[in-house]
Student: 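The following block contains the structure, expressed as structure tokens.
Reckoned from all heavy atoms, side chains included, excluding hydrogens, waters and symmetry mates.
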Amino acid sequence: MPNALSHFDILIVEDSPIQAEMLRRFLVSNSLTCLIATDGEAGLLAIKNIKPDLIISDVQMPVLDGYQMCERIKSDPDTQNIPIILLTALSDPIDVIRGLNAGAQAYLTKPYDNERLLIQVRRLLNALPQESHLLDDSPLDVEINQTHYSVHAGREQILQMLVSTYDNAAYQNQLLRKLEEDLNTLNQQLENKVAERTALLTEQEKRARDAEARYRTLFALLPEGAGLITTDQWTFIEFNDVACGQLGYLRHEFENLSFLDLIAPIEKSVVTERLKQALTYPQFTFTTKLLSRDGLLIDADIRTRQIEIEGQILLNCILRDMSDINRARQMERDLEHNATHDLITDLPSKTILLETLVQSIHLAKKKNSEITLFAIDLSRLNMITASLGHSAAEAIQVELADRLRSIQPKASLVARVHNQNYILIVDGSIDPSPLKELLLRISKATNSPFLWNGSSLELEPYMGISIYPKDAQDAESLLQAAEAALFEAKKSTRKSIVLASPELNEQVENMIRKENVLRSAFASGWMEMFYQPRIDLKTGKISGAEALIRCRDPERGIIPPKDFIPLAEEIGLIGPITIWALDHVCQQQKKWLDAGIQIVPVSVNLVAEQFLDDQIVTILKQNLEKYHLSPHYLEIELTESAAMQNPEKTADLLNQIQALGILIAIDDFGTGYSSLAYLEKFPINILKIDISFVQGVTTDPHSAAITSAIIAMSKALQFLIVAEGVETDGQRQFLSQHQCEEGQGYLFSKPLPVNDFESLLVSDITY
């Protein structure tokens, strides 16, 4: 009869989603209707709504465990006749008694066999319900391990539980079969209780001997380690072979050990306190790490019970090895993690993304803030896979995930949906940056080249953007809007970023246009070098020059540095531009030398990120070798703040650069926040005083005092001193009087194109 159970409703109460779903599928496949509750409290609510025909519940659950839930069900007249099956990893007979007292009709030990569970379900569903007032409520006294327990359950419930327990015992091990025999004996003893009270003393002694024999048999057959220990020195009076086997000892070796000898050294003081606590409670449980004979640590659950033998209080200890259980739980956690995360990048998948987005929208409503959603995909990734293989493509995907994570860890979440698109959530209540700024951060992260086996790979990103609450009011719709915008971006031949809101596209397109113009300008050769001379303040002769990058638009002319340098830094282009500048300056110096022109040292400004990468030393060396240029014709400049981002790394790189023979200058000195102690450690040749001090030397006593102090300090450290921004003759005179060696500024010359500066060199001008 395949549909014999189809009219019954089953409630599953289980805190593990995986185990609950597996059980539900099995029962549904047997024509049962099932509902799942995640803990005891949720189970009680579900019972009020549907009043199931049968309840299957885990025992160990948060909030309200299975025993507590069972007791509350049985205390309610409306639900007390619903049969209950308890599922648990616990196997102690006391746990069975606890289930009886809670009102359960069946008890299965995990891991259980589904078919045996189905037998229990059918048996309980087909049994005639018993009214609670017809049941025998007189308690049943039970003796286990010389400890007496009282069972408050009716005869019918006990019989139901016996059937369940016997079936489970036959499936589990020989010990539980022995317990089934004991329960039958106890049932017989219940019927003969009056006769037993009048038994002769010799019969009582015989039963005592029989009980002791049963105890010793059970003790020996227990599937877990067990021992009887004293309460003064914690030495073993008795133990079973399982305890020896768990820890790798032979029996005669175990006889000479105390309980503390089995404990890891770091745990001994804690375990001693736990054992003392166990003396104040009839039963006590704690966890620790046992030390095996081979020195391995074993996670263990220790359950103690007080026992009195011949007037002496002893502790009966059960040693449960938790290693297999912990491994099973870890495996379960790993399965859940893999089910909710991308296998390549380990980013959260769509499920977690939507949960986070729902919570973010809830908070955004309260705080009246925005949430920006970026859907990102890389172009040419399939081509990379086809040409370089899956390893290269996966490395790029992992690298992009790391870059996106680092944009704003506190205000954002990065996820991956469909194992393809990256989704970045930016919570406006934490990071209220405007969209333009966010796009610049993402652009820098996505447009920077990816390195693979020494090759630099550039992949253009596609991006779709949606904003809460403007584009959607709920998580699903907001994600759909961003993915729809991404789809449009991938179709378009004109733009790679599309916003769900058309009115915001103009702002984004303007930013993209500027970025594209700058990249195109660099690729098209619009960059050129200007040179501003440095003047020896004693002789008036040109003693050096600073190379300055300019961008010349064929239509607009020279673009001011303030209009392209910050953008180049934002999108990660400043590094390649600086490397180009180094090559260009070395090439130009070589041309002048070949033409017989007397050249001077030229300095090139390096950016902060180049002082975090050893590659700069290799680039400098390659340029000198490529153009056969003497290193004293090349100088490098870095700002004080750039030098101090990582002083130890900077000092190491500067030492390597100076070893090449290249002079080193600190630019804009006095505006940073560095320690003079660090500055003294840098191998510096030149110190350039910032223009903000130089321009005030004739009008501001503070600027004059600071400039004088910097000059004096530099001379003590044997630095060459260069004053920037010299614009008046009074400033020149002040600097000369205080023995400043060189000056640079509009008093002498503005930055000049290469041909004009060449003319100055040829003329040997004196200022």
Side-chain angles (χ1 to χ4, degrees), residues 334-357 372-427 438-466 478-492 495-498 512 515 519 570-573 575-576 609 613 615:
D334 290 344
L335 288 172
E336 290 180 356
H337 180 86
N338 292 338
T340 56
H341 287 73
D342 176 51
L343 295 180
I344 295 176
T345 63
D346 200 38
L347 290 175
S349 60
K350 185 176 180 181
T351 302
I352 296 179
L353 168 68
L354 290 176
E355 290 176 357
T356 303
L357 200 51
T372 308
L373 207 62
F374 299 87
I376 304 166
D377 193 15
L378 291 176
S379 66
R380 302 196 305 114
L381 195 58
N382 291 335
M383 186 185 303
I384 295 293
T385 304
S387 59
L388 299 179
H390 288 282
S391 297
E394 290 181 1
I396 290 171
Q397 294 171 69
V398 171
E399 173 67 19
L400 179 58
D402 292 339
R403 292 182 186 181
L404 293 175
R405 283 191 190 101
S406 66
I407 289 176
Q408 174 49 290
K410 293 183 179 180
S412 63
L413 170 78
V414 185
R416 198 153 187 231
V417 297
H418 317 309
N419 293 327
Q420 181 175 4
N421 299 336
Y422 294 83
I423 305 295
L424 174 65
I425 305 174
V426 179
D427 187 341
L438 295 174
L439 277 171
L440 285 172
R441 291 185 211 162
I442 299 174
S443 178
K444 185 174 182 179
T446 54
N447 281 306
S448 299
F450 296 87
L451 298 179
W452 172 255
N453 287 346
S455 300
S456 179
L457 307 174
E458 295 188 5
L459 288 81
E460 181 183 1
Y462 298 110
M463 199 178 309
I465 305 170
S466 62
L478 192 65
L479 176 60
Q480 184 178 355
E483 291 191 309
L486 174 62
F487 180 74
E488 290 298 321
K490 293 167 74 172
K491 287 198 311 181
S492 174
K495 55 187 177 181
S496 59
I497 301 179
V498 173
I512 297 172
E515 179 181 334
R519 292 186 182 278
E570 287 283 357
I571 65 176
L573 193 59
E609 63 189 64
D613 186 356
Q615 190 180 12

Student: Is there a side-chain contact between I465 and I497 (heavy atoms, below 4.5 Å)?
Tutor: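 Side chain of I465 against side chain of I497, heavy atoms only: contact under 4.5 Å found.
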
Student: Checking E399 side chain against A395 main chain: does a donor-acceptor pair fall under 3.5 Å?
Tutor: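 Looks like no, no N/O pair under 3.5 Å.
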
Student: Please list, chain by chain and in numerical order, all residues satisfying side chain to side chain contact (heavy atoms under 4.5 Å, CB included) with A485, sequence neighbours excluded.
Tutor: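 Per chain and number, A485 pairs via side chain to side chain contact (heavy atoms under 4.5 Å, CB included) with V498.
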
Student: Check for a donor-acceptor pair, side chain of S466 on one end and backbone N or O of L478 on the other, with a separation under 3.5 Å.
Tutor: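 Here the side-chain-to-backbone pair exists.
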
Student: Step by step, would you call W452 with I396 a side chain to side chain contact (heavy atoms under 4.5 Å, CB included)?
Tutor: CA-CA 8 Å; W452 172 255; I396 290 171; 5.7 Å; no

Student: Among L486, T446, D377, find the one that has a side chain to side chain contact (heavy atoms under 4.5 Å, CB included) with P461.
Tutor: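 For P461, the side chain to side chain contact (heavy atoms under 4.5 Å, CB included) test succeeds with only one of L486, T446, D377, which is T446.
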
Student: Should we count CD of Q480 as having more than 12 external heavy atoms under 6.0 Å?
Tutor: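 No, not enclosed.
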
Student: Quick one: side chain to side chain contact (heavy atoms under 4.5 Å, CB included) partners of A401, sequence neighbours excluded?
Tutor: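 Side chain to side chain contact (heavy atoms under 4.5 Å, CB included) list for A401, sorted by chain: T345, L347, R405, Y422.
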
Student: Taking only residues two or more places apart in sequence or in another chain, which ones pass side-chain hydrogen bond (donor to acceptor under 3.5 Å, both in side chains) with E355?
Tutor: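 E355 satisfies side-chain hydrogen bond (donor to acceptor under 3.5 Å, both in side chains) with no other residue.
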
Student: So, taking the atom named CD1 in I376 and the one named CG in N421, what distance separates them when rounded to the nearest 0.5 Å?
Tutor: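 Answer rounded to 0.5 Å: 9.5 Å.
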
Student: If every non-hydrogen atom of P576 is compared with every non-hydrogen atom of L573, which pair is closest and at what distance?
Tutor: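 Taking every non-hydrogen atom into account, CD-O, 3.2 Å.
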
Student: Which heavy atom of F450 sits nearest to which heavy atom of L400, and what is that distance?
Tutor: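 Taking every non-hydrogen atom into account, CE2-N, 3.9 Å.
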
Student: Atom OG1 in T356, atom CD1 in I425: separation rounded to 0.5 Å?
Tutor: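 Result: 5.5 Å between the selected atoms.
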
Student: Are V417 and L353 side-chain neighbours, meaning at least one heavy-atom pair lies under 4.5 Å?
Tutor: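 A side-chain contact under 4.5 Å exists here.
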
Student: What pairs with E394 under salt bridge (Lys or Arg N to Asp or Glu O under 4.0 Å), at least two apart in sequence or on another chain?
Tutor: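 Once residues adjacent in sequence are excluded, E394 has no partner under the salt bridge (Lys or Arg N to Asp or Glu O under 4.0 Å) criterion.
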
Student: If you measure from OG on S391 to CG on N453, what distance do you get to the nearest 0.5 Å?
Tutor: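 If I round to the nearest 0.5 Å, the distance is 9.0 Å.
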
Student: Might you work through the side chain to side chain contact (heavy atoms under 4.5 Å, CB included) test for L373 and L357, ending with a clear yes or no?
Tutor: CA-CA 9 Å; L373 207 62; L357 200 51; 4.1 Å; yes

Student: Run the numbers on H341 and R416 for side chain to side chain contact (heavy atoms under 4.5 Å, CB included), then give the verdict.
Tutor: CA-CA 8 Å; H341 287 73; R416 198 153 187 231; over 6 Å; no

Student: Measuring from R403:CZ to K444:NZ, what's the distance to the nearest 0.5 Å?
Tutor: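 Reported value, rounded in 0.5 Å steps: 11.0 Å.
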
Student: With sequence neighbours excluded, what pairs up with L451 under the side chain to side chain contact (heavy atoms under 4.5 Å, CB included) test?
Tutor: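 Per chain and number, L451 pairs via side chain to side chain contact (heavy atoms under 4.5 Å, CB included) with S456.
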
Student: Would you say L378 and Q397 make side-chain contact, with heavy atoms under 4.5 Å?
Tutor: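 Of all side-chain heavy-atom pairs linking Q397 with L378, none is under 4.5 Å.
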
Student: Find the distance between CD1 (I423) and CG (L413) and round it off to the nearest 0.5 Å.
Tutor: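 These two atoms lie 10.5 Å from each other.
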
Student: Does S448 reach the main-chain N or O of A445 with its side chain, forming a donor-acceptor pair under 3.5 Å?
Tutor: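 No; judged by distance alone, with no hydrogens or angles, the pair does not exist.
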
